[in-house]
2 protein chains.
Amino acid sequence: MNVKTSSPKIPRKPLSASVARPINELLDLVGQRWTLRILWELRDGPSTFRGLQLRCGNLSPTVLNKRVQALRDADIVELTTSGYALTTLGLELGIKLLDLTKWAERWSRKRAV
Amino acid sequence: MNVKTSSPKIPRKPLSASVARPINELLDLVGQRWTLRILWELRDGPSTFRGLQLRCGNLSPTVLNKRVQALRDADIVELTTSGYALTTLGLELGIKLLDLTKWAERWSRKRAV
DNA sequence: AGCGTTGCTACATTATTGATAGCATATCGT
DNA sequence: ACGATATGCTATCAATAATGTAGCAACGCT
């Protein structure tokens, strides 16, 4: 009694799944590779698709597109005439990330000891 | 002139690579799937390996072990007699994440409109 | 028309994640 | 001592995601 494999309709799991709380939804979103980095790079101002690629170390367009689409769906990023940019909501998140940066610096210093 | 493949010693890239700033190192670490979620679950208190698995929706031990090892290397998580727990450093990060939660709730509310 | 830039897609290859079984050790109750 | 149970963790292999590259269609510019 255990179907398990051989069920082609249910691939496996969307992501962390069972996102009851918003935080889980957020963690799923920003827990994907490159998402946080993209947000971070956009803090400095808008950037074109190819500009973002460069900032992220020549990130492949395949992944970049997936991420920006997800971020656009989430109303965190929008595509403007001057390129991809953080929305109002995204800017707020950017501020939180700035806070993380300060922590990251202390973290790095303490670990170096 | 371009070796590219067939060079088994250099797989391709560690991650985002070229981590000059601590924030990039941090983003690389927490940008991996499940890392943020694990930190989040540990905010509530220590948990055993299998306990963590359950909290993360039966996360496979393969990945969980990779993540906790990385977090231990980063002095963010430690293995105590009562299971995996956040270090002092990790607790600080947990507080930042709490802040993220509040944002996530507002985010969720605004999007629902 | 020709050139450069834009966002983005297709494709094949490689890396990561996933589910499952199971090991070695430790602790518990009997 | 013995088995039952729980611990952290590894091995193996299938499934999924990321990567690198080439290239398309649309736009503006000259």
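No hydrogens, no waters, no symmetry mates; every other heavy atom, side chains included, goes into these values.
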Below the 4.0 Å mark, does D:dT19 have OP1 or OP2 next to a side-chain nitrogen or oxygen of A:W34?
yes

Would you list the protein and nucleotides 3-8 of chain D atom pairs, both N or O, that sit under 3.5 Å from each other?
{"unit_1": "D:dG8", "atom_1": "OP1", "unit_2": "B:F49", "atom_2": "N", "d": "2.7"}
{"unit_1": "D:dG8", "atom_1": "OP2", "unit_2": "B:F49", "atom_2": "N", "d": "2.8"}
{"unit_1": "D:dG8", "atom_1": "OP2", "unit_2": "B:R50", "atom_2": "N", "d": "3.3"}
{"unit_1": "D:dG8", "atom_1": "N7", "unit_2": "B:R50", "atom_2": "NH1", "d": "2.6"}
{"unit_1": "D:dG8", "atom_1": "O6", "unit_2": "B:R50", "atom_2": "NH1", "d": "3.4"}
{"unit_1": "D:dG8", "atom_1": "O6", "unit_2": "B:R50", "atom_2": "NH2", "d": "3.3"}

Would you mind telling me which of D:dA18, C:dT20, D:dG20 lies closest to the side-chain atoms of A:T62?
D:dG20

How far does CG of B:L71 sit from NZ of B:K66, to the nearest 0.5 angstrom?
14.0 Å

Measure CG/B:L64 against C1'/C:dG18 and give the value in whole Å, please.
13 Å

Nucleotide nearest B:V63 (side chain, heavy atoms from C-beta), chosen from C:dT20, D:dT19, C:dT17:
C:dT17

Can you list, pair by pair, the side-chain donor-acceptor contacts under 3.5 Å of residues 106-113 of chain B, counting residues two or more places apart and other chains?
{"unit_1": "B:R106", "atom_1": "NH1", "unit_2": "A:E92", "atom_2": "OE1", "d": "2.7"}
{"unit_1": "B:W107", "atom_1": "NE1", "unit_2": "A:A74", "atom_2": "O", "d": "2.9"}
{"unit_1": "B:R111", "atom_1": "NH1", "unit_2": "A:E25", "atom_2": "OE2", "d": "3.2"}

Hey, are A:R55 and A:D44 close enough for a salt bridge, meaning a charged N less than 4.0 Å from a carboxylate O?
yes

Taking atom C1' of D:dA15 as reference, at what distance in whole Å does atom CZ of B:R33 sit?
12 Å

How many Å lie between CD on B:Q53 and C1' on C:dG18, as a whole number?
12 Å

Can you check the B:L59 CG to C:dG18 C1' distance for me, whole Å?
9 Å

If we count only N and O atoms by modelled type, under 3.5 Å, do the side chains of B:Q69 and B:N65 hold a donor and an acceptor together?
yes

Using a strict threshold of under 4.0 Å (side-chain N to carboxylate O), is an ion pair present between A:D99 and A:K96?
no

Reported CG-to-OG1 distance for the pair A:L93 and A:T88, which is rounded to 0.5 angstrom
12.5 Å

Just how far, in rounded Å, is C1' of C:dG7 from NZ of A:K66?
17 Å

Whole angstrom is fine here: how far is it from CD in A:Q32 over to P in D:dT19?
12 Å

Measure from CG on A:L54 to C1' on C:dT6 and round the result to the nearest Å.
14 Å

